[in-house]
Protein chains: 2
Amino acid sequence: MGISERKERERQEMRAKIIDAAIGMFLTEGYEKTSIRNIAEKIEYSPATIYLYYKDKDELLYEVQKQAFEKLEETFDREVTSTHPFERLTQLCKSYVRFGRANPEMYDLMFMIKAPMNCVEAEDGWDNNSDSFMLLLNTLKECMEHGLIRFKDPMVAALSVWAMGHGLVSLDVSCRLKAMQIDEHMLVQLTEASIDQYLELIKS
Amino acid sequence: MGISERKERERQEMRAKIIDAAIGMFLTEGYEKTSIRNIAEKIEYSPATIYLYYKDKDELLYEVQKQAFEKLEETFDREVTSTHPFERLTQLCKSYVRFGRANPEMYDLMFMIKAPMNCVEAEDGWDNNSDSFMLLLNTLKECMEHGLIRFKDPMVAALSVWAMGHGLVSLDVSCRLKAMQIDEHMLVQLTEASIDQYLELIKS
DNA sequence: GGAAAATATAAACAGTGTTCAGTAAATTTG
DNA sequence: CAAATTTACTGAACACTGTTTATATTTTCC
């Protein structure tokens, strides 16, 4: 019978409707400032209805995160295209930092906010991000196979490169670079220079 | 007259009482989960009283942050002692990362949480952290004067080193390293190796 | 001692995430 | 088709949150 199929489809549509509203509000207002009531109002349902489709606000965020990572992976697909491993690593780093700086609220949800990681505590690993991390890890491995970078351990390499990229983006997103007392324009240049410098340093 | 002096002293004592309670609760429960009501209960005053001493919850956090940075600076005073510039840079990096990993909740308040930076928006710079940043900057400048590191611009150097250190700590504190699917022991080793590797890389 | 000033608080406001009893609609069953 | 049952939804409530305000208490000053 096609009824249960339609029901399931309607359920997914409703879930999408909720998530779409949530994404929009999380990105414009931030996670904390977006309330279930606001989301409910936007989709013209009662707040309680949302709980029929998502367990709690954290699950909502987890779902939004999922979509954010899909966006990041799409960006990588577009911008990380070179066949030369080190060139590809360069593209990956720059693409990552550009993405973070261009979408600070999204970056916050993906890599900085504390909320949704609690609910993943019990589970093994953190699914949302594993694809992107694998892309980095594999690119680095390939670089190492060709002797293009000065790393010996691929995991150390992955952690280092990610840490550098994340550090640059997150210090900016969290406004901690105010300690440097420089203007926005200068900051962009310094960030760019830091990445270039770092890639130069790891090149063998 | 000594009355106004006593009044001022009592005022500072009350401020300290509030902050002490706040620190304790922020570190054990986190900023978001600590309520003004909880703090008030702990010091046995009404919630409204707190507002006679601090403008709002953000100002409370800003004050707690201040003390956290004093703790960080004390740690640096103890652990960053070498007269050799590069050796001192090494001590600084390791001390920073160790501090962050040993005090994740405090690190969160200092470098990750979003809340208190908003209220600093208008002001120029971010006072709390400027001493530590200056220590890093000056150490790097000294290294450069002696030709010990491969950086040309001290600001690029400071941003790079800070980004690397902050990246390593914050990815861990925010649980994002779950993407790497490794155990705690391995993680400590990888982090250590990443710092060593980085210091090796920037050495000229 | 009594006016003035400083200090503390109970109560209220407007908001939050979440739960639950109860209603209305859609579906299945007899 | 009508009755019974399942599904979808919601209003109201609960237990919180940060913050403000009018009121009460204490302290200082003349």
Side-chain angles (χ1 to χ4, degrees), chain A residues 1-19 21-23 25-26 28-65 109 113-119, chain B residues 1-19 21-23 25-26 28-65 109 113-119:
Chain A
M1 56 184 73
I3 284 180
S4 63
E5 272 88 348
R6 176 177 57 85
K7 278 272 166 85
E8 178 57 25
R9 201 176 57 236
E10 280 174 351
R11 188 176 166 76
Q12 292 309 323
E13 276 166 12
M14 188 63 167
R15 281 178 65 97
K17 204 186 182 80
I18 294 169
I19 283 295
I23 287 182
M25 306 193 72
F26 285 175
T28 54
E29 307 291 332
Y31 177 71
E32 298 291 351
K33 283 187 180 172
T34 302
S35 70
I36 299 287
R37 281 176 174 81
N38 294 155
I39 298 172
E41 200 174 353
K42 190 158 207 171
I43 61 171
E44 295 174 292
Y45 279 84
S46 99
T49 301
I50 291 177
Y51 287 88
L52 299 175
Y53 295 88
Y54 291 97
K55 189 175 136 282
D56 53 25
K57 206 185 168 189
D58 271 8
E59 196 176 298
L60 226 59
L61 176 50
Y62 193 73
E63 205 63 33
V64 169
Q65 234 184 32
L109 295 182
I113 228 172
K114 232 180 175 181
M117 308 309 293
N118 308 328
C119 68
Chain B
M1 54 184 75
I3 285 179
S4 63
E5 272 87 348
R6 175 176 58 81
K7 277 273 166 85
E8 178 57 25
R9 200 176 58 237
E10 281 174 349
R11 186 176 169 76
Q12 292 309 322
E13 276 166 13
M14 188 64 170
R15 281 178 65 97
K17 204 185 182 81
I18 294 169
I19 284 295
I23 287 181
M25 307 193 69
F26 285 176
T28 53
E29 307 290 331
Y31 177 71
E32 298 291 351
K33 282 186 180 173
T34 302
S35 70
I36 300 286
R37 281 175 174 82
N38 294 156
I39 298 172
E41 200 174 353
K42 189 160 208 171
I43 62 172
E44 295 174 293
Y45 277 84
S46 98
T49 301
I50 290 177
Y51 287 88
L52 299 176
Y53 295 88
Y54 291 97
K55 191 176 134 282
D56 53 25
K57 205 185 169 189
D58 273 7
E59 197 176 297
L60 226 60
L61 176 51
Y62 192 76
E63 205 63 33
V64 170
Q65 234 184 31
L109 295 183
I113 227 171
K114 231 180 176 181
M117 308 308 294
N118 308 329
C119 67

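So that the names make sense, note that chain A is the first sequence line, chain B the second, and so on, each numbered from 1.
- The distance between atom CD of Glu44(A) and atom P of dA8(D), rounded to the nearest whole Å, is 20 Å.
- Comparing dT9(C), dT19(D), dT18(C) by their nearest atom to the side chain of Lys57(A) picks out dT18(C).
- What separates CD of Glu41(A) from P of dG11(D) is a distance of 12 Å, to the nearest Å.
- You'll find that the side chain of Ala48(B) is closest to dT21(D), out of dT21(D), dT19(C), dG18(D).
- More than 12 heavy atoms of other residues, nucleotides or ligands lie within 6.0 Å of CD in Glu8(A), so this atom counts as buried by the packing criterion.
- Neither OP1 nor OP2 of dT7(C) sits under 4.0 Å from any side-chain N or O of Tyr45(B).
- A donor-acceptor contact shorter than 3.5 Å is absent between the side chain of Arg37(A) and the backbone of Pro47(A).
- Here the side chain of Lys7(B) is nearest to one of dT19(D), dT27(D), dC9(D), namely dT27(D).
- dA15(D) atom P lies 19 Å from atom NZ of Lys33(B), rounded to whole Å.
- The CD1 atom of Ile39(B) sits 12 Å away from the C1' atom of dT17(D) (whole-angstrom rounding).
- Distance Ile50(A) CD1 to dT10(D) C1': 12 Å, rounded to the nearest Å.
- Note on Ser46(A): every side-chain N or O is 4.0 Å or more away from OP1 and OP2 of dG11(D).
- As judged by a 4.0 angstrom heavy-atom cut-off over every strand, Tyr54(B) is placed among residues making no nucleic acid contact.
- Relative to the side chain of Arg37(A), the nucleotides dC9(D), dT9(C), dG17(C) differ in distance, and dG17(C) lies closest.
- Applying the 6.0 Å contact sphere to CD of Glu41(A) captures no more than 12 heavy atoms from other residues, nucleotides or ligands.
- Note on Thr49(A): every side-chain N or O is 4.0 Å or more away from OP1 and OP2 of dC9(D).
- Note: CD1 (Ile36(B)) to P (dA15(D)) measures 22 Å, nearest angstrom.
- Regarding contacts with the backbone of dT16(C), a side-chain N or O of Ser35(A) is found under 4.0 angstrom from either OP1 or OP2.
- In this entry the distance linking CZ of Arg11(A) with P of dC9(D) reads 10 Å, nearest Å.
- Note: CD (Glu13(A)) to P (dC9(D)) measures 12 Å, nearest angstrom.
- For the residue pair Tyr31(B)/Asp58(B), the side-chain donor-acceptor check at 3.5 Å is satisfied.
- The minimum heavy-atom distance between Tyr53(B) and Glu59(B), with the atom names listed, is O-OE2, 4.3 Å.
- For dG15(C), the OP1/OP2 oxygens have no side-chain nitrogen or oxygen of Asn38(A) closer than 4.0 Å.
- Neither OP1 nor OP2 of dT21(D) sits under 4.0 Å from any side-chain N or O of Tyr51(B).
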